Amino acid sequence: MTVQATEFDRASRPAGLLVRGLAALRALWLSPAATRLVSIALFAATIAWVLHVFRDYGISNDEPVQHTYGQLLWAWYESGFTDDRAFHYINLYLYGGLFDLIAAGLDGHVPLPTYELRHLLSATFGLVGIFGTWNLARLLAGEKTGIVAALILVFTGMYGGAMFTHTKDVPFAAAMVWSLYFITSVARGLPGLPAWRHVAGLGVAVGCAMGLRVGGVFAVLYLMLTVGGGMMLLGGWRRLPALVGRLAVAGLIAVAIMAVSWPWSVQAPGNIFTAMGAFSNFAFDLSTLINGVDTEIDQVPRYYMSEYLAIKLPEITLLGMVAALGFGVAGLMNKAWRRRLADHLPLVLALAVPVVFTLISRPPLYNGIRHFLFVIPVATVVGSIGLAALFRWSYGKAAGLGVGVAVVVLALFAFDAASFIRLHPYEYVGYNQLVGGLKGATGRFEGDYWSDSLRQAAIELRHGVEFEANRQDKPYTVAVCAEDPQVATYLGPKFRMVDDWDDADFFITATNIGCDNAMPGPVYRAITRDGVALSVVIDTRAHHREMMDQLRDEDSPDSEDTSAIDH
(Lines give C-alpha, C1' and ligand atoms only; values in the text may rest on other atoms or scores of the structure.)
Protein backbone atom coordinates (compact mmCIF):
# COMPACT_ATOMS: atom_id res chain seq x y z
CA MET A 1 0.00 0.00 0.00
CA THR A 2 1.38 3.38 -0.99
CA VAL A 3 0.59 6.45 1.11
CA GLN A 4 0.96 9.81 -0.56
CA ALA A 5 2.83 12.61 1.20
CA THR A 6 -0.27 14.79 1.07
CA GLU A 7 -2.08 12.27 3.30
CA PHE A 8 0.65 12.66 5.92
CA ASP A 9 0.14 16.41 5.65
CA ARG A 10 -3.60 16.08 6.22
CA ALA A 11 -3.09 13.77 9.21
CA SER A 12 -0.52 15.98 10.84
CA ARG A 13 -2.37 19.24 10.19
CA PRO A 14 -4.72 19.06 13.27
CA ALA A 15 -1.82 18.16 15.54
CA GLY A 16 0.21 21.00 14.08
CA LEU A 17 -2.63 23.45 14.63
CA LEU A 18 -2.97 22.28 18.23
CA VAL A 19 0.74 22.73 18.86
CA ARG A 20 0.71 26.18 17.30
CA GLY A 21 -2.40 27.11 19.27
CA LEU A 22 -0.82 26.03 22.55
CA ALA A 23 2.35 27.90 21.65
CA ALA A 24 0.30 31.03 20.97
CA LEU A 25 -1.52 30.69 24.29
CA ARG A 26 1.80 30.25 26.08
CA ALA A 27 3.17 33.35 24.37
CA LEU A 28 0.11 35.32 25.46
CA TRP A 29 0.45 34.00 29.02
CA LEU A 30 4.08 35.10 29.15
CA SER A 31 3.49 38.45 27.45
CA PRO A 32 3.67 41.45 29.84
CA ALA A 33 1.73 43.52 27.31
CA ALA A 34 -1.13 41.00 27.21
CA THR A 35 -1.17 40.84 31.01
CA ARG A 36 -1.36 44.61 31.28
CA LEU A 37 -4.17 44.64 28.71
CA VAL A 38 -6.14 42.22 30.88
CA SER A 39 -5.56 44.49 33.90
CA ILE A 40 -6.82 47.51 31.99
CA ALA A 41 -9.86 45.60 30.75
CA LEU A 42 -10.65 44.44 34.29
CA PHE A 43 -10.57 47.97 35.69
CA ALA A 44 -12.54 49.37 32.76
CA ALA A 45 -15.23 46.72 33.29
CA THR A 46 -15.32 47.39 37.04
CA ILE A 47 -15.72 51.14 36.52
CA ALA A 48 -18.51 50.51 34.00
CA TRP A 49 -20.24 48.19 36.49
CA VAL A 50 -20.05 50.84 39.24
CA LEU A 51 -21.54 53.50 36.98
CA HIS A 52 -24.30 51.10 35.95
CA VAL A 53 -25.42 49.95 39.43
CA PHE A 54 -24.61 52.67 41.98
CA ARG A 55 -28.23 53.91 41.96
CA ASP A 56 -29.47 50.45 43.01
CA TYR A 57 -28.32 50.76 46.62
CA GLY A 58 -30.37 52.02 49.55
CA ILE A 59 -29.53 54.51 52.27
CA SER A 60 -27.72 53.00 55.24
CA ASN A 61 -28.79 53.74 58.82
CA ASP A 62 -25.87 56.05 59.58
CA GLU A 63 -25.79 58.06 56.36
CA PRO A 64 -28.13 60.91 57.40
CA VAL A 65 -26.07 61.70 60.52
CA GLN A 66 -22.77 61.17 58.70
CA HIS A 67 -23.76 63.67 56.03
CA THR A 68 -24.79 66.14 58.71
CA TYR A 69 -21.38 65.69 60.33
CA GLY A 70 -19.70 66.60 57.05
CA GLN A 71 -21.89 69.70 56.74
CA LEU A 72 -21.00 70.73 60.31
CA LEU A 73 -17.30 70.35 59.59
CA TRP A 74 -17.71 72.65 56.60
CA ALA A 75 -19.59 75.09 58.84
CA TRP A 76 -16.61 75.12 61.23
CA TYR A 77 -14.25 76.04 58.42
CA GLU A 78 -16.60 78.58 56.83
CA SER A 79 -17.23 80.32 60.18
CA GLY A 80 -13.54 80.95 60.71
CA PHE A 81 -13.27 78.11 63.25
CA THR A 82 -16.00 79.48 65.57
CA ASP A 83 -18.98 77.20 64.80
CA ASP A 84 -17.92 74.13 66.78
CA ARG A 85 -21.17 72.12 66.57
CA ALA A 86 -19.27 69.35 64.74
CA PHE A 87 -17.29 68.63 67.90
CA HIS A 88 -20.42 68.05 69.97
CA TYR A 89 -22.53 66.20 67.41
CA ILE A 90 -23.50 62.80 68.84
CA ASN A 91 -20.16 60.92 69.01
CA LEU A 92 -19.11 61.51 65.42
CA TYR A 93 -16.29 63.83 66.43
CA LEU A 94 -14.48 60.63 67.44
CA TYR A 95 -14.34 59.75 63.73
CA GLY A 96 -12.36 61.42 60.99
CA GLY A 97 -14.49 63.31 58.51
CA LEU A 98 -12.53 62.85 55.29
CA PHE A 99 -15.30 61.11 53.37
CA ASP A 100 -18.12 63.22 54.80
CA LEU A 101 -16.23 66.45 54.10
CA ILE A 102 -15.83 65.49 50.46
CA ALA A 103 -19.45 64.32 50.15
CA ALA A 104 -20.88 67.43 51.81
CA GLY A 105 -18.58 69.66 49.77
CA LEU A 106 -19.73 68.11 46.48
CA ASP A 107 -23.40 68.02 47.45
CA GLY A 108 -25.27 70.66 45.50
CA HIS A 109 -22.45 71.04 42.99
CA VAL A 110 -22.87 67.63 41.34
CA PRO A 111 -26.11 66.83 39.48
CA LEU A 112 -26.95 63.84 41.66
CA PRO A 113 -29.26 63.41 44.67
CA THR A 114 -27.38 63.48 47.97
CA TYR A 115 -27.35 59.77 48.69
CA GLU A 116 -26.66 58.68 45.14
CA LEU A 117 -23.69 61.04 45.22
CA ARG A 118 -22.50 59.47 48.47
CA HIS A 119 -22.83 55.96 47.03
CA LEU A 120 -20.92 56.85 43.88
CA LEU A 121 -18.22 58.55 45.95
CA SER A 122 -17.98 55.57 48.29
CA ALA A 123 -17.71 53.22 45.31
CA THR A 124 -14.94 55.43 43.92
CA PHE A 125 -13.01 54.92 47.14
CA GLY A 126 -13.75 51.22 46.72
CA LEU A 127 -12.24 51.27 43.23
CA VAL A 128 -9.13 52.94 44.66
CA GLY A 129 -8.95 50.07 47.16
CA ILE A 130 -9.29 47.47 44.41
CA PHE A 131 -6.48 49.15 42.51
CA GLY A 132 -4.39 49.16 45.69
CA THR A 133 -5.07 45.44 46.19
CA TRP A 134 -3.99 44.77 42.61
CA ASN A 135 -0.86 46.82 43.15
CA LEU A 136 0.06 45.11 46.43
CA ALA A 137 -0.39 41.61 45.00
CA ARG A 138 1.54 42.63 41.88
CA LEU A 139 4.39 43.96 44.02
CA LEU A 140 4.69 40.70 45.93
CA ALA A 141 3.86 38.07 43.34
CA GLY A 142 3.54 39.59 39.86
CA GLU A 143 0.80 41.20 37.83
CA LYS A 144 -1.12 38.01 37.11
CA THR A 145 -1.55 37.52 40.84
CA GLY A 146 -2.65 41.15 41.04
CA ILE A 147 -5.36 40.46 38.47
CA VAL A 148 -6.55 37.45 40.47
CA ALA A 149 -6.64 39.51 43.69
CA ALA A 150 -8.57 42.38 42.09
CA LEU A 151 -11.06 40.04 40.43
CA ILE A 152 -11.75 38.11 43.64
CA LEU A 153 -12.16 41.32 45.63
CA VAL A 154 -14.66 42.74 43.13
CA PHE A 155 -16.85 39.65 43.67
CA THR A 156 -16.43 39.56 47.45
CA GLY A 157 -19.78 40.66 48.88
CA MET A 158 -18.30 42.39 51.92
CA TYR A 159 -16.22 44.58 49.62
CA GLY A 160 -17.55 44.67 46.06
CA GLY A 161 -21.13 44.94 47.33
CA ALA A 162 -20.42 46.90 50.51
CA MET A 163 -18.43 49.61 48.76
CA PHE A 164 -21.59 51.52 47.80
CA THR A 165 -23.08 51.86 51.29
CA HIS A 166 -20.33 51.29 53.88
CA THR A 167 -19.19 54.87 53.56
CA LYS A 168 -16.86 54.78 56.57
CA ASP A 169 -15.59 51.24 56.28
CA VAL A 170 -14.71 50.89 52.60
CA PRO A 171 -12.87 54.23 52.24
CA PHE A 172 -10.91 53.28 55.36
CA ALA A 173 -10.12 49.87 53.87
CA ALA A 174 -8.90 51.56 50.67
CA ALA A 175 -6.59 53.87 52.64
CA MET A 176 -5.28 50.94 54.68
CA VAL A 177 -4.46 48.76 51.68
CA TRP A 178 -2.50 51.64 50.13
CA SER A 179 -0.73 52.17 53.45
CA LEU A 180 0.19 48.49 53.36
CA TYR A 181 1.45 48.81 49.79
CA PHE A 182 3.86 51.61 50.74
CA ILE A 183 4.94 49.84 53.94
CA THR A 184 5.72 46.77 51.81
CA SER A 185 7.69 49.00 49.43
CA VAL A 186 9.70 50.20 52.44
CA ALA A 187 10.24 46.60 53.56
CA ARG A 188 11.44 45.49 50.13
CA GLY A 189 14.03 48.26 50.16
CA LEU A 190 15.46 47.38 53.57
CA PRO A 191 18.13 47.78 54.81
CA GLY A 192 18.31 50.69 52.36
CA LEU A 193 16.26 53.88 52.47
CA PRO A 194 12.83 54.13 50.81
CA ALA A 195 12.36 56.25 47.69
CA TRP A 196 10.87 59.67 48.32
CA ARG A 197 7.80 58.82 46.24
CA HIS A 198 7.13 55.91 48.61
CA VAL A 199 7.62 58.21 51.60
CA ALA A 200 5.10 60.69 50.19
CA GLY A 201 2.65 57.93 49.27
CA LEU A 202 2.91 56.42 52.74
CA GLY A 203 2.19 59.79 54.36
CA VAL A 204 -0.87 60.39 52.17
CA ALA A 205 -2.25 56.88 52.69
CA VAL A 206 -1.80 56.84 56.46
CA GLY A 207 -3.11 60.41 56.71
CA CYS A 208 -6.26 59.43 54.81
CA ALA A 209 -6.71 56.37 57.03
CA MET A 210 -6.38 58.49 60.19
CA GLY A 211 -8.68 61.07 58.60
CA LEU A 212 -11.37 58.40 58.45
CA ARG A 213 -10.86 56.38 61.63
CA VAL A 214 -8.51 56.26 64.57
CA GLY A 215 -7.96 52.63 63.53
CA GLY A 216 -5.35 54.04 61.15
CA VAL A 217 -2.94 53.57 64.05
CA PHE A 218 -2.81 49.93 62.93
CA ALA A 219 -0.86 51.11 59.88
CA VAL A 220 1.61 52.93 62.12
CA LEU A 221 2.04 49.75 64.15
CA TYR A 222 2.63 47.67 61.00
CA LEU A 223 5.29 50.15 59.90
CA MET A 224 7.10 50.10 63.24
CA LEU A 225 7.07 46.31 63.48
CA THR A 226 8.15 46.00 59.83
CA VAL A 227 11.14 48.30 60.28
CA GLY A 228 12.18 46.62 63.52
CA GLY A 229 11.66 43.11 62.18
CA GLY A 230 13.35 43.91 58.89
CA MET A 231 16.42 45.29 60.64
CA MET A 232 16.61 42.18 62.83
CA LEU A 233 16.37 39.90 59.80
CA LEU A 234 18.61 41.82 57.40
CA GLY A 235 20.84 43.98 59.58
CA GLY A 236 21.69 47.55 58.66
CA TRP A 237 21.05 49.14 62.04
CA ARG A 238 23.48 51.94 61.26
CA ARG A 239 20.97 53.23 58.69
CA LEU A 240 18.14 53.34 61.22
CA PRO A 241 18.52 57.07 62.10
CA ALA A 242 18.42 58.04 58.42
CA LEU A 243 15.44 55.74 57.86
CA VAL A 244 13.56 57.19 60.83
CA GLY A 245 14.30 60.69 59.57
CA ARG A 246 12.90 59.89 56.16
CA LEU A 247 9.81 58.22 57.61
CA ALA A 248 9.28 61.26 59.82
CA VAL A 249 8.50 63.20 56.65
CA ALA A 250 5.73 60.69 55.95
CA GLY A 251 4.51 61.27 59.49
CA LEU A 252 4.30 65.03 58.95
CA ILE A 253 2.29 64.53 55.76
CA ALA A 254 -0.05 62.14 57.58
CA VAL A 255 -0.60 64.51 60.50
CA ALA A 256 -1.37 67.39 58.13
CA ILE A 257 -4.04 65.38 56.28
CA MET A 258 -5.47 64.09 59.57
CA ALA A 259 -5.64 67.62 61.01
CA VAL A 260 -7.59 68.94 58.02
CA SER A 261 -10.05 66.05 57.78
CA TRP A 262 -10.37 65.37 61.53
CA PRO A 263 -9.70 68.71 63.26
CA TRP A 264 -10.89 67.51 66.67
CA SER A 265 -7.96 65.04 66.78
CA VAL A 266 -5.38 67.85 67.02
CA GLN A 267 -7.29 70.27 69.24
CA ALA A 268 -5.85 68.66 72.36
CA PRO A 269 -2.78 66.41 72.74
CA GLY A 270 -4.72 63.50 74.17
CA ASN A 271 -7.68 63.45 71.78
CA ILE A 272 -6.35 60.60 69.65
CA PHE A 273 -5.90 58.46 72.75
CA THR A 274 -9.40 59.43 73.89
CA ALA A 275 -10.77 58.18 70.57
CA MET A 276 -8.74 54.97 70.79
CA GLY A 277 -10.04 54.33 74.30
CA ALA A 278 -13.62 55.08 73.29
CA PHE A 279 -13.61 52.53 70.48
CA SER A 280 -11.89 49.89 72.57
CA ASN A 281 -14.40 50.19 75.39
CA PHE A 282 -17.55 51.80 74.02
CA ALA A 283 -20.86 50.23 74.91
CA PHE A 284 -24.50 51.15 74.32
CA ASP A 285 -27.82 49.38 74.25
CA LEU A 286 -27.35 47.20 71.20
CA SER A 287 -27.14 43.49 70.57
CA THR A 288 -25.73 41.39 67.78
CA LEU A 289 -26.28 37.86 66.52
CA ILE A 290 -23.53 35.31 66.99
CA ASN A 291 -24.29 31.61 66.43
CA GLY A 292 -28.02 32.24 66.91
CA VAL A 293 -27.63 34.02 70.25
CA ASP A 294 -28.69 37.64 70.61
CA THR A 295 -25.71 39.04 72.51
CA GLU A 296 -25.02 42.47 73.98
CA ILE A 297 -22.16 44.06 72.09
CA ASP A 298 -19.93 44.32 75.15
CA GLN A 299 -20.44 40.61 75.81
CA VAL A 300 -19.50 39.19 72.41
CA PRO A 301 -17.01 36.29 72.53
CA ARG A 302 -13.35 36.82 71.71
CA TYR A 303 -13.71 34.84 68.49
CA TYR A 304 -16.51 37.09 67.16
CA MET A 305 -14.40 38.83 64.51
CA SER A 306 -12.45 35.67 63.61
CA GLU A 307 -15.58 33.61 63.06
CA TYR A 308 -17.29 36.29 60.99
CA LEU A 309 -14.16 36.64 58.88
CA ALA A 310 -14.13 32.89 58.24
CA ILE A 311 -17.77 32.73 57.17
CA LYS A 312 -17.89 35.99 55.18
CA LEU A 313 -14.87 35.46 52.94
CA PRO A 314 -15.54 33.65 49.63
CA GLU A 315 -14.56 30.01 49.46
CA ILE A 316 -11.91 30.75 46.83
CA THR A 317 -10.19 33.20 49.20
CA LEU A 318 -10.21 30.66 52.03
CA LEU A 319 -8.69 28.02 49.74
CA GLY A 320 -5.95 30.42 48.72
CA MET A 321 -5.23 31.38 52.34
CA VAL A 322 -4.79 27.73 53.31
CA ALA A 323 -2.45 27.25 50.34
CA ALA A 324 -0.52 30.41 51.26
CA LEU A 325 0.00 29.14 54.79
CA GLY A 326 1.44 25.87 53.54
CA PHE A 327 3.71 27.42 50.93
CA GLY A 328 4.70 30.19 53.31
CA VAL A 329 5.94 27.73 55.93
CA ALA A 330 7.75 25.76 53.21
CA GLY A 331 9.35 28.98 51.99
CA LEU A 332 11.04 29.45 55.36
CA MET A 333 13.23 26.48 54.44
CA ASN A 334 14.63 28.43 51.49
CA LYS A 335 18.12 29.90 51.77
CA ALA A 336 16.66 33.35 51.09
CA TRP A 337 14.07 33.00 53.85
CA ARG A 338 15.16 36.16 55.65
CA ARG A 339 14.61 38.30 52.57
CA ARG A 340 11.30 36.62 51.81
CA LEU A 341 10.05 37.05 55.35
CA ALA A 342 11.06 40.72 55.46
CA ASP A 343 9.25 41.38 52.18
CA HIS A 344 6.05 39.65 53.31
CA LEU A 345 6.15 40.80 56.94
CA PRO A 346 3.73 43.76 56.44
CA LEU A 347 1.18 41.46 54.81
CA VAL A 348 1.47 38.91 57.62
CA LEU A 349 1.11 41.64 60.24
CA ALA A 350 -1.89 43.21 58.51
CA LEU A 351 -3.72 39.88 58.63
CA ALA A 352 -2.58 38.66 62.05
CA VAL A 353 -2.56 41.80 64.22
CA PRO A 354 -6.31 42.66 63.95
CA VAL A 355 -7.25 39.03 64.65
CA VAL A 356 -4.92 38.80 67.64
CA PHE A 357 -6.09 42.22 68.87
CA THR A 358 -9.73 41.10 69.01
CA LEU A 359 -8.81 37.78 70.63
CA ILE A 360 -6.82 39.50 73.37
CA SER A 361 -8.68 42.75 74.02
CA ARG A 362 -12.22 41.54 73.22
CA PRO A 363 -13.57 44.93 72.13
CA PRO A 364 -17.34 45.53 71.82
CA LEU A 365 -18.33 44.56 68.28
CA TYR A 366 -21.46 44.32 66.14
CA ASN A 367 -22.51 44.22 62.46
CA GLY A 368 -20.30 41.20 61.82
CA ILE A 369 -17.02 42.00 60.09
CA ARG A 370 -17.92 45.62 59.30
CA HIS A 371 -15.51 47.30 61.72
CA PHE A 372 -12.67 45.13 60.44
CA LEU A 373 -13.63 45.23 56.77
CA PHE A 374 -10.11 46.59 56.10
CA VAL A 375 -8.80 43.06 56.66
CA ILE A 376 -10.68 41.72 53.62
CA PRO A 377 -8.34 43.18 50.92
CA VAL A 378 -5.39 41.82 52.91
CA ALA A 379 -6.95 38.36 53.11
CA THR A 380 -7.67 38.56 49.37
CA VAL A 381 -4.02 39.32 48.57
CA VAL A 382 -2.88 36.44 50.79
CA GLY A 383 -5.40 34.11 49.12
CA SER A 384 -4.37 35.18 45.63
CA ILE A 385 -0.68 34.60 46.38
CA GLY A 386 -1.61 31.16 47.72
CA LEU A 387 -3.63 30.29 44.60
CA ALA A 388 -0.79 31.40 42.33
CA ALA A 389 1.71 29.31 44.30
CA LEU A 390 -0.63 26.31 44.21
CA PHE A 391 -0.97 26.55 40.44
CA ARG A 392 2.80 26.90 39.88
CA TRP A 393 3.55 23.97 42.17
CA SER A 394 0.91 21.68 40.64
CA TYR A 395 1.85 22.60 37.06
CA GLY A 396 5.50 21.96 37.88
CA LYS A 397 4.58 18.47 39.08
CA ALA A 398 2.53 17.68 35.99
CA ALA A 399 0.82 19.80 33.34
CA GLY A 400 -2.40 17.83 33.76
CA LEU A 401 -2.38 18.40 37.51
CA GLY A 402 -1.90 22.13 36.97
CA VAL A 403 -4.80 22.28 34.52
CA GLY A 404 -6.95 20.34 36.98
CA VAL A 405 -6.16 22.79 39.78
CA ALA A 406 -6.95 25.70 37.45
CA VAL A 407 -10.32 24.16 36.55
CA VAL A 408 -11.24 23.67 40.22
CA VAL A 409 -10.25 27.26 41.07
CA LEU A 410 -12.22 28.64 38.12
CA ALA A 411 -15.28 26.59 39.10
CA LEU A 412 -15.05 27.85 42.66
CA PHE A 413 -14.72 31.44 41.45
CA ALA A 414 -17.73 30.98 39.14
CA PHE A 415 -19.78 29.69 42.09
CA ASP A 416 -18.80 32.68 44.24
CA ALA A 417 -19.46 35.14 41.40
CA ALA A 418 -22.89 33.61 40.76
CA SER A 419 -23.78 34.00 44.45
CA PHE A 420 -22.63 37.62 44.35
CA ILE A 421 -24.73 38.42 41.28
CA ARG A 422 -27.78 36.63 42.65
CA LEU A 423 -27.78 38.76 45.80
CA HIS A 424 -27.51 42.12 44.00
CA PRO A 425 -27.84 44.79 45.31
CA TYR A 426 -27.53 43.23 48.77
CA GLU A 427 -24.27 41.41 48.13
CA TYR A 428 -22.89 42.31 51.53
CA VAL A 429 -25.42 40.07 53.32
CA GLY A 430 -23.93 36.95 51.73
CA TYR A 431 -22.16 34.13 53.57
CA ASN A 432 -20.05 31.27 52.33
CA GLN A 433 -20.95 27.59 52.42
CA LEU A 434 -19.30 26.99 55.80
CA VAL A 435 -22.67 28.08 57.21
CA GLY A 436 -24.80 27.21 54.19
CA GLY A 437 -24.81 30.60 52.52
CA LEU A 438 -27.34 33.33 53.31
CA LYS A 439 -30.11 30.83 53.95
CA GLY A 440 -28.05 28.88 56.45
CA ALA A 441 -26.83 32.02 58.19
CA THR A 442 -30.31 33.54 58.64
CA GLY A 443 -31.27 33.60 62.30
CA ARG A 444 -27.72 32.74 63.31
CA PHE A 445 -25.71 35.71 62.09
CA GLU A 446 -26.22 39.34 61.10
CA GLY A 447 -28.32 40.04 58.00
CA ASP A 448 -29.19 43.37 56.37
CA TYR A 449 -27.91 45.43 59.31
CA TRP A 450 -27.79 48.63 57.21
CA SER A 451 -31.47 48.14 56.22
CA ASP A 452 -30.29 48.62 52.64
CA SER A 453 -33.29 46.71 51.30
CA LEU A 454 -35.73 49.37 52.56
CA ARG A 455 -35.19 51.29 49.33
CA GLN A 456 -36.70 48.51 47.25
CA ALA A 457 -39.43 47.94 49.84
CA ALA A 458 -40.47 51.60 49.54
CA ILE A 459 -40.42 51.43 45.75
CA GLU A 460 -42.54 48.24 45.80
CA LEU A 461 -45.05 49.96 48.10
CA ARG A 462 -45.25 53.03 45.87
CA HIS A 463 -45.87 50.92 42.79
CA GLY A 464 -48.27 48.62 44.64
CA VAL A 465 -50.79 51.28 45.70
CA GLU A 466 -50.87 52.68 42.16
CA PHE A 467 -52.61 49.49 41.01
CA GLU A 468 -55.08 49.18 43.88
CA ALA A 469 -58.71 49.37 42.86
CA ASN A 470 -59.76 51.66 45.72
CA ARG A 471 -56.96 54.15 45.91
CA GLN A 472 -57.50 56.85 48.50
CA ASP A 473 -57.18 60.53 47.65
CA LYS A 474 -55.31 61.62 50.76
CA PRO A 475 -51.66 60.52 51.30
CA TYR A 476 -51.03 57.10 52.78
CA THR A 477 -49.26 57.18 56.13
CA VAL A 478 -46.09 55.14 56.56
CA ALA A 479 -44.00 54.25 59.60
CA VAL A 480 -40.58 52.67 59.50
CA CYS A 481 -38.37 50.87 61.98
CA ALA A 482 -35.32 52.78 60.76
CA GLU A 483 -34.45 56.35 59.79
CA ASP A 484 -37.22 58.13 57.86
CA PRO A 485 -34.97 59.16 54.90
CA GLN A 486 -34.24 55.50 54.18
CA VAL A 487 -37.87 55.16 53.05
CA ALA A 488 -39.21 58.69 52.47
CA THR A 489 -36.58 59.36 49.78
CA TYR A 490 -38.22 56.77 47.51
CA LEU A 491 -41.96 57.09 48.30
CA GLY A 492 -43.11 60.27 46.60
CA PRO A 493 -45.91 62.76 47.38
CA LYS A 494 -48.68 60.20 47.86
CA PHE A 495 -47.18 59.12 51.18
CA ARG A 496 -46.58 60.81 54.50
CA MET A 497 -44.20 59.58 57.19
CA VAL A 498 -45.55 59.29 60.75
CA ASP A 499 -43.74 58.63 64.00
CA ASP A 500 -46.59 56.80 65.71
CA TRP A 501 -46.71 53.31 64.26
CA ASP A 502 -50.39 52.92 65.23
CA ASP A 503 -51.23 55.85 62.92
CA ALA A 504 -49.62 54.19 59.90
CA ASP A 505 -51.37 52.57 56.94
CA PHE A 506 -48.15 50.72 56.15
CA PHE A 507 -45.22 49.68 58.29
CA ILE A 508 -41.82 49.01 56.70
CA THR A 509 -38.91 47.27 58.37
CA ALA A 510 -35.85 45.18 57.73
CA THR A 511 -36.07 41.71 59.23
CA ASN A 512 -32.60 41.91 60.78
CA ILE A 513 -33.60 44.29 63.57
CA GLY A 514 -36.51 42.37 65.11
CA CYS A 515 -39.32 44.75 64.09
CA ASP A 516 -40.94 42.51 61.48
CA ASN A 517 -43.38 41.11 64.09
CA ALA A 518 -43.97 44.43 65.82
CA MET A 519 -47.14 45.39 63.95
CA PRO A 520 -50.23 43.30 63.06
CA GLY A 521 -51.27 42.88 59.47
CA PRO A 522 -50.52 40.88 56.33
CA VAL A 523 -47.26 41.19 54.45
CA TYR A 524 -47.93 43.57 51.57
CA ARG A 525 -44.51 43.17 49.94
CA ALA A 526 -41.32 41.30 50.86
CA ILE A 527 -37.82 41.86 49.51
CA THR A 528 -36.13 38.47 49.33
CA ARG A 529 -32.87 36.87 48.23
CA ASP A 530 -32.16 33.15 48.22
CA GLY A 531 -35.56 32.58 49.81
CA VAL A 532 -34.78 34.88 52.75
CA ALA A 533 -36.88 37.98 53.46
CA LEU A 534 -34.57 40.94 54.02
CA SER A 535 -37.33 43.50 54.55
CA VAL A 536 -41.13 43.57 54.58
CA VAL A 537 -43.98 46.01 54.09
CA ILE A 538 -46.83 45.30 56.53
CA ASP A 539 -50.32 46.47 55.57
CA THR A 540 -51.69 47.86 58.84
CA ARG A 541 -54.79 49.54 57.39
CA ALA A 542 -57.20 47.05 58.93
CA HIS A 543 -55.54 47.51 62.30
CA HIS A 544 -55.54 51.27 61.72
CA ARG A 545 -59.30 51.25 61.02
CA GLU A 546 -59.97 49.20 64.16
CA MET A 547 -58.01 51.71 66.21
CA MET A 548 -59.93 54.64 64.66
CA ASP A 549 -63.28 52.91 65.24
CA GLN A 550 -62.35 52.29 68.84
CA LEU A 551 -61.38 55.93 69.34
CA ARG A 552 -64.66 57.11 67.73
CA ASP A 553 -66.65 54.83 70.04
CA GLU A 554 -64.82 56.20 73.07
CA ASP A 555 -65.43 59.80 71.96
CA SER A 556 -69.13 59.36 71.05
CA PRO A 557 -71.85 61.01 73.27
CA ASP A 558 -73.45 57.65 74.02
CA SER A 559 -70.13 56.42 75.31
CA GLU A 560 -69.78 59.52 77.52
CA ASP A 561 -73.33 59.15 78.94
CA THR A 562 -72.77 55.48 79.68
CA SER A 563 -69.58 56.34 81.45
CA ALA A 564 -71.37 58.94 83.56
CA ILE A 565 -74.17 56.52 84.52
CA ASP A 566 -71.68 53.81 85.42
CA HIS A 567 -69.78 56.32 87.55
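Computed from a predicted model, the values in this text were never measured in an experiment.
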Neighbour count above 12 (heavy atom, 6.0 Å) for Arg462 CZ:
yes
Measure centre to centre between the rings of His166 and Tyr159, then say whether the value is under 6.0 Å.
no
Parallel, tilted or perpendicular, as decided by the 30° and 60° cut-offs, for the rings of Tyr57 and His424:
perpendicular
Do Tyr69 and Tyr89 have their ring centres less than 6.0 Å from each other?
no
Just to verify, which of Trp264, Phe81, Trp76 counts as forming a ring-ring contact (aromatic ring centres under 6.0 Å, His included) with Phe87?
Trp76
Taken to the nearest 0.5 Å, the spacing of Leu72 CG from Asp100 CG works out to 10.5 Å
Quick check: do Trp450 and Asp62 have side-chain heavy atoms less than 4.5 Å from each other?
yes
More than 12 heavy atoms from other groups under 6.0 Å of CZ on Phe273
no
Tyr93 and Trp262: aromatic ring centres closer than 6.0 Å?
no
Hey, could you give me the CD1/OG distance between Ile508 and Ser535, rounded to the nearest 0.5 Å?
8.0 Å
Could you tell me whether the side chain of Thr528 and the main chain of Gly531 form a donor-acceptor pair under 3.5 Å?
no
Is it the case that over 12 heavy atoms from other parts of the model lie below 6.0 angstrom from the NE2 atom of His463?
yes
Verify whether the ring centers belonging to Phe218 and Phe374 lie closer than 6.0 Å.
yes
When you measure from the side chain of Arg362 to the backbone of Gln299, do you find a donor-acceptor pair of N or O atoms at a distance under 3.5 Å?
yes
Any side-chain to backbone donor/acceptor pair from Tyr476 onto Gln472? Under 3.5 Å, distance only.
yes
Given 3.5 Å as the limit, does a donor-acceptor pair link the side chain of Ser261 with the main chain of Gly97, or not?
no
Hey, is the main chain of Ala482 close enough, under 3.5 Å, to the side chain of Asn61 for a donor-acceptor pair?
no
